[in-house]
Amino acid sequence: MRGLGDLEAAVMDRLWAWEQPATVREVLDDLRRDRDLAYTTVMTVLDNLHRKGWLTRELDGRAYRYRPVASRQEYSAELMRQALDSSGDNTSTLLHFVGEMTTDEVDAVRRALRSLQRRARRESQQP
Amino acid sequence: MTLAIALFGYAALVATLAPRALAGAWRLRSPRLTMTLWHASAASVLVSLVLAAATCVTSPGLIQTCIAALVGDTGATGVLTVAIGLLAPVLLLARLTMVAIAGARRRRADRRRHLELLSVLGRHDSNLGVLVVSSTSAAAYCVPGTDKVVLTSGALHRLEPAELRAALAHERAHLAGRHHLLVAWAGILANAFPGVPVFRDLLPATANLVELLADDRAVRRSGRAELVGAIAAFTDGVALSAGLAATGGQVSVRVERLLDPAPPLPLTARLSGAGVAATLVALPGLLAVLLAAVAAGLAACPLLLR
Ligand SMILES: [Zn+2]
């Protein structure tokens, strides 16, 4: 684990898995099974996630209970939408290995690969 | 005034001819040279247009005559001419700046949001030095301005180790070559002046050429067959574009080029290409100086003859 970024991921993982609001203390107790952490560290992480809009919180007695704003699937869908969009105005936002393809193109690329494999086999048979 | 007309004419010529001249099959043999020529052509047109408008200020003859013919010769025509001559380049550069700022702001916001999503959903793979996000789709990309290369678990699952090296080499070539800056600049010109062919076509041309540059580097780092294998491994997991997308056909061009590599252009061709690029950039300025000198010479003639 490296820094607060990874801790944020670990906290979100737990809150998504629990499917119910949790306090700083509850998150801390669970995280402490893997590593040594201070109460204030976990409080900072939850506070950051709340500020960034990942968590909502409600006062329950004297402590806040934190809950994810959206499910992991919804965030994943948003991430993948951005990740797979290599068209138009997004050409330079992220640079891809393989951009969008048409179905014709998919066929052409597969044919090309098969011809390459045939060529490689012929070459290996004729030493 | 001759100067302004000559510069406008030159700009129009380069703006329409360059896209055709740069579409030949030889572009695949030397993507770096083709990229240089594209950007030199675009720069040449841009500089010519600014210079042409600026020369209206220094020699307002024709515009002045036009205005005089339209509204009658009043004392204000001279002022009006200078105003137009001053305004045109200012508007041109203002449009460019506005589009540039809007684009940069949008990209920065998009990347920041993407990095935020990655920070929670991505898992750092320290062996590969990449971020892995879990998805059945196949995607590999880099986030420009950072050193982050991202792979989906679906992509990781589809690639053999050697193919994975090739795909990562391609992505790292994008980052090392700072390809996003070239694409972003092309996007500014294309969005600011979509009516000018050389600007409009600069964006798809640049986007395609950076892929060829990254492929060439990946081939040197890992191997031709590995790179083709990696591209082919993605065919059942990439986003399918509906109909003919702007980028349509590009991946098959890459694969064909990798399977049947034409030899790079000979040195003489590359040198003359570089010469053309240098001329394109220098010509508008030279043209301006030359014509100004001729005009000054002509103006001095009567004095000399007297
Ligand atoms: Zn690429």
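We name chains A, B, ... by the order of the sequence lines, and we start the count at 1 in each one. Because the structure is predicted, anything quoted here is derived from the model rather than measured.
- Inspection of the Trp54(A) and Glu116(B) side chains reveals an N or O donor paired with an N or O acceptor under 3.5 Å.
- For Arg14(A) and Glu26(A), the salt-bridge test fails: no basic side-chain N is under 4.0 Å from an acidic carboxylate O.
- Highest contact tally toward chain A, considering only Cys142(B), Gly229(B), Gly122(B), is held by Cys142(B) [criterion: heavy-atom pairs under 4.5 Å].
- When each of Ala214(B), Gly145(B), Ala232(B) is scored by its heavy-atom pairs under 4.5 Å with chain A, the top score falls to Ala232(B).
- For Glu211(B), the part lying under 4.5 angstrom from a heavy atom of chain A is the side chain only.
- Heavy atoms closer than 4.5 Å to chain A are found in the side chain of Val255(B), but not in its backbone.
- Salt-bridge annotation for Asp260(B) and Arg224(B): absent, with no side-chain N of the basic residue lying under 4.0 Å from a carboxylate O of the acidic one.
- Looking at Glu78(A) and Arg113(B), a side-chain N of the basic residue comes within less than 4.0 Å of a carboxylate O on the acidic one, giving a salt bridge.
- Outside the 6.0 Å centre-distance limit, the rings of His96(A) and Phe234(B) are not counted as a close aromatic pair.
- Proximity to chain B (any heavy atom under 4.5 Å) is restricted, for Ala108(A), to the side chain, taken from C-beta onward.
- A donor-acceptor contact shorter than 3.5 Å links the side chain of Arg32(A) to the backbone of Leu37(A).
- We find the CD-CG distance between Gln250(B) and Asn208(B) to be 3.0 Å, quoted to the nearest 0.5 Å.
- For the atom pair CG of Leu259(B) and CG of Leu113(A), the computed distance is 8.0 Å after rounding to the nearest 0.5 Å.
- Other residues, nucleotides and ligands contribute over 12 non-hydrogen atoms within 6.0 Å of the CZ atom of Arg200(B).
- Counting non-hydrogen atoms of neighbouring residues, nucleotides and ligands closer than 6.0 angstrom, the CG atom of Asp34(A) exceeds 12 such neighbours.
- Summarising the geometry, atom CZ belonging to Arg27(B) is positioned 7.5 Å from atom CG belonging to Leu212(B); distances are rounded to the nearest 0.5 Å.
- Scanning residues 56-72 of chain A against chain B with a 4.5 Å heavy-atom cutoff picks out Arg72(A), ordered by number.
- Residues of residues 176-188 of chain B that come within less than 4.5 angstrom of chain A, heavy atom to heavy atom, are His179(B), His180(B), Val183(B), Ala184(B) in numerical order.
- Ranked by heavy-atom pairs under 4.5 Å with chain A, the first of Ser135(B), Ala139(B), Gly103(B) is Ser135(B).
- For the pair Asp215(B) and Arg220(B), the salt-bridge criterion is not met [side-chain N within less than 4.0 Å of a carboxylate O].
- In this structure, chain A has a heavy atom under 4.5 Å from the side chain of Val133(B), while its backbone stays farther away.
- Comment: Asp110(B) engages Arg106(B) in a salt bridge, judged by a side-chain N to carboxylate O separation of less than 4.0 angstrom.
- Of the atoms belonging to Thr152(B), it is side-chain heavy atoms, and not backbone ones, that fall under 4.5 Å from chain A.
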